[in-house]
Amino acid sequence: QVQLVESGGGLVQAGGSLRLSCAASGRSFSGYAMGWFRQAPGKEGEFVAGITWSLGRTYYADSVKGRFTISRDNANNAVYLRMNSLKPEDTAVYYCAARSLGAVTTDPRLYDYWGQGATVTVSS
């Protein structure tokens with residue numbers, strides 16, 4: 001059974017930092033692109049960041065560029081999202097996702113597996 005499990009969410013003050021982790025299990029994720037999405041209360045979900053398998057190319061939403069960093073540990077089937085300079089508008093449930101075709105896309109419908117989500121709350 002394929003599982004993506006996020007951890008590392010929590011409550012932080014504006015300007016603070018958090019690191020989200022996503023542990024993948026149940027199959028090899030060799031060749032998979034990994035992404036982070038988020039959904040704020042009352043808003044549609046949005047792409048946050050993504051990383052390819054082979055070259056580790058990274059992609060970011062404009063709203064987080066320069067503040068967030070995505071990385072992955074292929075040997076351990078893990079992906080991370082380092083979030084710095086957090087703002088109240090970053091408050092959301094953050095989801096880890098895996099896509100078998102290996103290319104990062106901002107379209108959530110094209111990802112094959114999803115985690116259950118980790119809540120990030122940024123207070124002002």
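We're numbering straight along the sequence, starting at 1.
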Just wondering, do [Y] and [X] contact through their side chains at under 4.5 Å, heavy atoms?
{"X": "Glu46", "Y": "Arg38", "value": "yes"}
{"X": "Tyr59", "Y": "Thr52", "value": "yes"}
{"X": "Ile70", "Y": "Tyr80", "value": "no"}
{"X": "Tyr95", "Y": "Cys22", "value": "no"}
{"X": "Leu86", "Y": "Leu18", "value": "yes"}
{"X": "Arg99", "Y": "Thr105", "value": "yes"}
{"X": "Met83", "Y": "Val120", "value": "yes"}

Contacts of [X] that satisfy side-chain contact (heavy atoms from CB on, under 4.5 Å) - sequence neighbours left out:
{"X": "Thr119", "answer": "Val93, Thr121"}
{"X": "Asn76", "answer": "Asp73"}
{"X": "Ala14", "answer": "Pro88, Val122"}
{"X": "Lys43", "answer": "Ala40"}

| said: Quick check: Phe37 with Tyr111 (ring centres under 6.0 Å apart)? | reply: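 They qualify: ring centres under 6.0 Å apart.
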In a table with atom names and distances, give each donor-acceptor pair under 3.5 Å that connects a side chain of residues 24-33 to protein atoms at least two apart or in another chain.
{"unit_1": "Arg27", "atom_1": "NE", "unit_2": "Tyr32", "atom_2": "OH", "d": "3.4"}
{"unit_1": "Arg27", "atom_1": "NH1", "unit_2": "Tyr32", "atom_2": "OH", "d": "3.4"}
{"unit_1": "Ser28", "atom_1": "OG", "unit_2": "Ser30", "atom_2": "N", "d": "3.1"}

| task | Determine, for Asp90 against Lys87, whether the closest basic-nitrogen to carboxylate-oxygen distance falls under 4.0 angstrom. | result |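 Here Asp90 does not pair with Lys87 in a salt bridge, since their nearest N and O are not under 4.0 Å apart.
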| Working for side-chain contact (heavy atoms from CB on, under 4.5 Å), residues Met34 and Asn74 | CA-CA 11 Å; Met34 302 297 291; Asn74 291 342; over 6 Å; no
| request: Step by step, work out the side-chain contact (heavy atoms from CB on, under 4.5 Å) result for Arg57 and Ile51. | output: CA-CA 5 Å; Arg57 289 179 175 162; Ile51 187 167; over 6 Å; no
| query | Taking all non-hydrogen atoms of both residues, which atom of Val79 and which atom of Ser71 are closest, and how far apart? | reply |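 Smallest heavy-atom distance, with atoms named: CG2-O, 3.1 Å.
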| task | Identify the heavy atoms of Ser17 and Ser85 that sit nearest to each other, and give their distance. | result |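 So the minimum-distance heavy-atom pair works out to OG-N, 4.3 Å.
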| task | Fit a plane to each ring of Phe68 and Tyr94, take the angle between them on a 0 to 90° scale, and name the class: parallel (under 30°), tilted (30 to 60°) or perpendicular (over 60°). | result |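 Phe68 vs Tyr94 ring planes: tilted.
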What donor-acceptor contacts under 3.5 angstrom involve side-chain atoms of residues 4-12, with partners at least two apart or in another chain?
{"unit_1": "Glu6", "atom_1": "OE1", "unit_2": "Gln116", "atom_2": "N", "d": "3.0"}
{"unit_1": "Glu6", "atom_1": "OE1", "unit_2": "Gln116", "atom_2": "NE2", "d": "3.4"}
{"unit_1": "Glu6", "atom_1": "OE1", "unit_2": "Gly117", "atom_2": "N", "d": "2.9"}
{"unit_1": "Glu6", "atom_1": "OE2", "unit_2": "Cys96", "atom_2": "N", "d": "2.8"}
{"unit_1": "Glu6", "atom_1": "OE2", "unit_2": "Gly117", "atom_2": "N", "d": "3.3"}

| request: Please report the C-alpha distance between Tyr60 and Val48 in whole Å, then the side-chain angles of each, then the deciding distance to 0.1 Å, and finally whether the side-chain contact (heavy atoms from CB on, under 4.5 Å) criterion is met. | output: CA-CA 6 Å; Tyr60 297 94; Val48 175; over 6 Å; no
| Which value, rounded to the nearest 0.5 Å, describes the distance between Ser100 atom OG and Trp53 atom CH2? |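 Here the rounded value is 13.5 Å.
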